[in-house]
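Some notes on the structure that comes next.
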Amino acid sequence: MGRRYFCDYCDRSFQDNLHNRKKHLNGVQHQRSKKVWFDTFRDASEILAEEHTKKLCRRFIQCGQCDFGPGCRFSHLTVEELEALKGQVEAERWAREMHRRQLPPCNIERWLEERAKKRACSKNDSISQPPTYQLPPSWPPLCELPPSLRPPSEWDEPPGLEWG
């Protein structure tokens with residue numbers, strides 16, 4: 001019987017050889033199915049711009065369906081659906097704008113200065129007083145904990161050792 005090729009776009013399988021695969025991949029049904037699949041990932045603004053350029057499909061308005069389906073060159077969206085799509089585009093634009101406003105401008109020099117200050121403060125604090133660790137109240141006593149969960153002791157880190 002041989003190997004079979006399954007096309008995820010068309011939900012079809014056929015014998016896998018060069019001729020059959022080429023014939024299928026260049027076929028109209030495969031091209032339409034692939035377009036429908038990739039159209040599901042388009043932005044609402046792209047869809048709205050495309051739908052504004054199209055006229056309404058008379059057949060779709062009269063019968064509620066069109067023989068051409070998604071491949072029709074006319075629009076199948078109602079006025080209400082177009083308004084909902086406009087609202088979605090505006091909401092996405094507003095969310096993008098709010099996100100842009102909330103992020104501070106990237107300034108690497110300022111970040112490096114703040115990092116150096118924090119490191120200097122943490123070095124001074126660690127020399128003056130050892131860190132204190134508090135275990136959660138639900139944990140068993142310190143002597144019953146496995147070594148991986150015990151807090152580090154002072155001898156684990158020699159004084160003056162600098163990491164990184």
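Just so it is clear, the model here is predicted, and its values are computed rather than measured.
- One finds the CG atom of Leu18 at 13.0 Å from the NZ atom of Lys23 (value rounded to the nearest 0.5 Å).
- Contact record, Cys57 with His76: CB-CD2, 3.4 Å, taken as the closest heavy-atom pair.
- Side-chain contact between Leu56 and Phe74: absent, with no pair of heavy atoms (C-beta onward) separated by less than 4.5 Å.
- A 4.5 Å side-chain heavy-atom check between Gln29 and Arg12 finds at least one atom pair inside the cut-off.
- Using a cutoff of 4.0 Å between basic side-chain nitrogens and carboxylate oxygens, Arg93 and Glu90 are scored as salt-bridged.
- Atom NE2 of His24 is separated from atom CG of Asp16 by 11.0 Å, given to the nearest 0.5 angstrom.
- Not one N or O on the side chain of Glu114 forms a donor-acceptor pair closer than 3.5 Å with the backbone of Trp111.
- Note on Lys86 versus Glu83: salt bridge recorded, some NZ/NE/NH1/NH2 to OD/OE distance being below 4.0 Å.
- Taking SG from Cys10 and NE2 from His30, the interatomic distance works out to 5.5 Å, rounded to the nearest 0.5 Å.
- Tracing side-chain contacts under 4.5 Å through hydrophobic residues (I, L, V, M, F, W, Y), one never reaches Ile61 starting from Leu77; they form parts of separate clusters.
- In this structure, Phe68 and Phe60 have side chains that are not in contact, with every pair of non-hydrogen atoms separated by 4.5 Å or more.
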Please determine whether side-chain contact (heavy atoms from CB on, under 4.5 Å) holds for the pair Val36 and Tyr9, giving the CA-CA distance in whole Å, both sets of side-chain angles, and the decisive distance to 0.1 Å.
CA-CA 9 Å; Val36 167; Tyr9 299 118; over 6 Å; no
Extract all donor-acceptor atom pairs below 3.5 Å that involve side chains of residues 40-53 and protein atoms in other chains or at least two apart in sequence.
unit_1, atom_1, unit_2, atom_2, d
Thr40, OG1, Trp37, O, 2.5
Arg42, NH1, Glu50, OE1, 2.9
Arg42, NH2, Glu50, OE1, 3.3
Glu50, OE2, Lys54, NZ, 3.4
Glu51, OE1, Ser75, OG, 2.5
Thr53, OG1, Glu50, O, 2.6

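- Using a 4.5 Å heavy-atom cutoff, the side chains of Tyr5 and Gln15 are not in contact.
- With hydrogens and angles ignored, the 3.5 Å screen pairs a side-chain donor or acceptor of Asn26 with a backbone N or O of Lys22.
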